[in-house]
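Right, one structure below, let's go through it.
Just the heavy atoms: all of them, side chains too, but no hydrogens, waters or symmetry mates, feed the values below. What you see is a predicted model; the values in this text were computed from it and never measured. In what follows, every chain begins at residue 1, and chains take the letters A, B, ... in the order their sequences are listed.
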Protein chains: 2
Amino acid sequence: MGHTPPVPEFRYAQFCPLARATEILGERWTLLIVRELLTGPKRFADLRRALPGVSSSVLTVRLARLEELDLVAQRALRPPAASTVYELAEAGRALLPVVLELVRWGVRFLQPPGERDHFEADWLPLGLAGIARRGPSPSIAVAVHLAAADGGVSCQVRGGRRGTVVTREIARPDATLETDSPLAVMALATGMLAPADAVRSGGLRVEGDLDALTRFPELFELAPSGAGHVLGADID
Amino acid sequence: MGHTPPVPEFRYAQFCPLARATEILGERWTLLIVRELLTGPKRFADLRRALPGVSSSVLTVRLARLEELDLVAQRALRPPAASTVYELAEAGRALLPVVLELVRWGVRFLQPPGERDHFEADWLPLGLAGIARRGPSPSIAVAVHLAAADGGVSCQVRGGRRGTVVTREIARPDATLETDSPLAVMALATGMLAPADAVRSGGLRVEGDLDALTRFPELFELAPSGAGHVLGADID
DNA sequence: CCGCATCCGTTTCGATACTG
DNA sequence: CAGTATCGAAACGGATGCGG
């Protein structure tokens with residue numbers, strides 16, 4: 001019978017929430033599994049496909065551990081489907097802010113995708129949400145459509161007094177941005193590529209208010225330098 | 001000669017900021033090293049002491065990688081000191097929000113410290129800052145003093161319209177909270193322990209406005225369930 | 001097919017000993 | 001004090017096989 005396999009569990013042996021969090025999330029692939037499940041339930045094989053390089057054994061162990069800690073729950077689909085899906089439980093969904101901060105920070109180290117780099121269209125909204133401006137941003141709404149082999153994604157970026165919000169629903173955008181290059185979108189959002197250049201050189205098509213497109217980068221911001229406001233680093 | 005040591009570099013081969021971030025931060029000890037440096041420059045030996053279990057070789061490799069990526073910089077002290085310290089560079093300081101979110105999330109998995117668990121007084125302000133309420137919180141200021149073998153720490157928790165702030169400076173607190181048990185403070189802050197019980201059972205001493213102490217837990221909140229506001233998990 | 005276990009070569013980790 | 005060298009143990013990646 002399927003008696004519980006070991007499910008190894010590393011411990012730092014520290015009384016610290018950060019240590020505890022990284023004990024749970026720090027192993028290879030774990031946070032990427034969470035990222036996949038943040039966009040909805042997935043089957044074992046779906047996860048393998050989105051995560052080239054995970055061995056099935058590691059994926060099994062990771063899912064078992066996430067289930068054990070109630071970050072993830074396994075759910076059986078209706079009989080005809082004859083399959084089960086993994087979905088985030090409450091504690092797993094609570095990881096969204098963590099993931100968004102990591103995205104926000106990680107963007108500065110993102111490099112142009114190489115030939116062998118994998119990409120899923122679903123990752124784009126996450127990337128945009130991560131660098132969404134937190135303070136007041138232009139009151140414009142831009143719809144972004146990304147075409148990809150797996151069908152692509154669409155999302156809407158809307159600025160406002162309380163910051164920029166990224167949603168899946170498209171409603172009355174001022175401008176529409178269409179491309180098949182995730183790099184172009186990210187470069188545009190981070191200001192590394194001027195909108196005009198993106199249209200000219202990249203495969204970027206635009207419709208609607210051109211002024212909204214010009215101001216598109218203002219909807220975003222990179223991570224601030226974090227002036228150590230809490231922990232008063234007493235730099236000699 | 002000191003030819004470049006390998007400094008292994010794992011890659012997920014994905015065009016995703018989260019993957020990039022975890023490539024950099026996901027190895028064992030890395031984020032805990034960052035945590036230590038968030039409270040100021042440290043020497044190699046200081047880090048080893050605060051991180052029981054790191055082997056010197058792993059610490060060397062981690063620091064080399066962090067330096068390579070400009071998260072950390074090595075600085076030579078004035079001649080008489082005859083030593084070097086490691087300190088966070090800009091990209092390292094920018095990790096504070098990431099660390100705070102991880103703390104906020106990790107608190108729910110924190111267990112009472114076992115006999116062998118290590119603890120540094122410096123970690124307490126980080127823990128409190130992680131669970132500081134982001135919305136309006138009571139306009140009270142509580143000074144927290146933690147006594148410990150290594151000297152202890154003091155910090156102040158202040159509520160206000162824009163949320164709770166944790167600082168190292170103590171100024172005009174409404175109440176003062178003194179203890180030698182970090183667990184008692186965290187249990188108090190998370191509402192797992194009633195203030196009255198903490199005073200009675202735990203080694204918790206209080207001065208000043210008792211009402212402020214009663215409302216102390218209101219200054220904090222745990223991570224919300226994260227309703228997936230961005231990535232619309234289409235749960236079938 | 002799908003979920004998962006097993007085997008195996010390689011990488012990474014942890015503990016100890018050693019060097020400038 | 002600040003690392004380097006070494007070595008056994010554990011974790012990882014890839015392939016293969018088994019039961020539903």
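For Leu59(B) and dG3(D), the CG to P distance is 8 Å, given to the nearest whole Å. The CZ-P distance, from Arg11(B) to dT11(C), rounds to 18 Å in whole Å. Rounded to whole Å, the distance from CZ on Arg43(A) to C1' on dC4(C) is 16 Å. In this entry the distance linking OH of Tyr86(B) with C1' of dC1(D) reads 11 Å, nearest Å. One can place CD1 of Ile33(B) at 15 Å from C1' of dA2(D), the figure rounded to the nearest angstrom. Atom C1' of nucleotide dA11(D) and atom CD of Glu23(A) are separated by 17 Å, given to the nearest angstrom. Computed from coordinates, the Arg49(A) CZ to dC1(C) P distance equals 11 Å when rounded to whole Å. Atom-to-atom, CG of Leu51(B) to C1' of dG14(C) comes out at 14 Å; the value is rounded to the nearest Å.
Each of dG13(D), dC2(C), dA17(C) was ranked by its minimum atom distance to the side chain of Ala45(A); first place goes to dC2(C). Distances from the side chain of Thr60(A) to the nucleotides dC4(C), dA15(C), dC13(C) place dC4(C) closest. Distances were taken from every side-chain heavy atom of Val58(A) (C-beta onward) to each of dA15(C), dC12(D), dG14(D); the shortest belongs to dC12(D). Taking every side-chain heavy atom of Phe44(A) into account, dC4(C) is the closest of dG13(D), dC4(C), dT4(D).
Salt-bridge annotation for Arg108(A) and Glu90(B): present, with a side-chain N of the basic residue lying under 4.0 Å from a carboxylate O of the acidic one. Ionic pairing of Glu87(A) and Arg75(A) is present here: one or more N-O contacts between side-chain nitrogen and carboxylate oxygen are shorter than 4.0 angstrom.
Tested against Phe220(B), the residues Leu188(B), Val157(B), Thr190(B) include a single side chain to side chain contact (heavy atoms under 4.5 Å, CB included) partner, Val157(B).
Among the protein residues, Arg62(A) comes within range of the sugar-phosphate backbone only, with heavy atoms under 4.0 Å from sugar or phosphate atoms but none that close to a base.
Phosphate contact (OP1/OP2 of dA2(D), side-chain N/O of Ser83(B), threshold under 4.0 Å): present. For the pair Arg48(B) and dC1(D), the criterion of a side-chain N or O lying under 4.0 Å from OP1 or OP2 is not met. OP1 or OP2 of dC13(C) has not a single side-chain nitrogen or oxygen of Trp29(B) nearer than 4.0 Å. Distances shown here put every side-chain N or O of Arg28(B) at or beyond 4.0 Å from the OP1 or OP2 atom of dA11(D). Remark: Gln74(B) is in phosphate contact with dG3(D), judged by side-chain N or O atoms under 4.0 Å from OP1 or OP2. Between Tyr12(A) and dC13(C) there is no side-chain polar atom (N or O) within less than 4.0 angstrom of OP1 or OP2.
Checking Ser55(A) against Ser57(A) by side-chain atom types alone, a donor-acceptor pair falls below 3.5 Å.
One donor-acceptor pair, N or O on each side, does fall under 3.5 Å between the base of dT4(D) and the side chain of Ser56(B).
Ring pair Trp29(B)/Phe10(A) is perpendicular by interplanar angle, where above 60° counts as perpendicular and below 30° as parallel.
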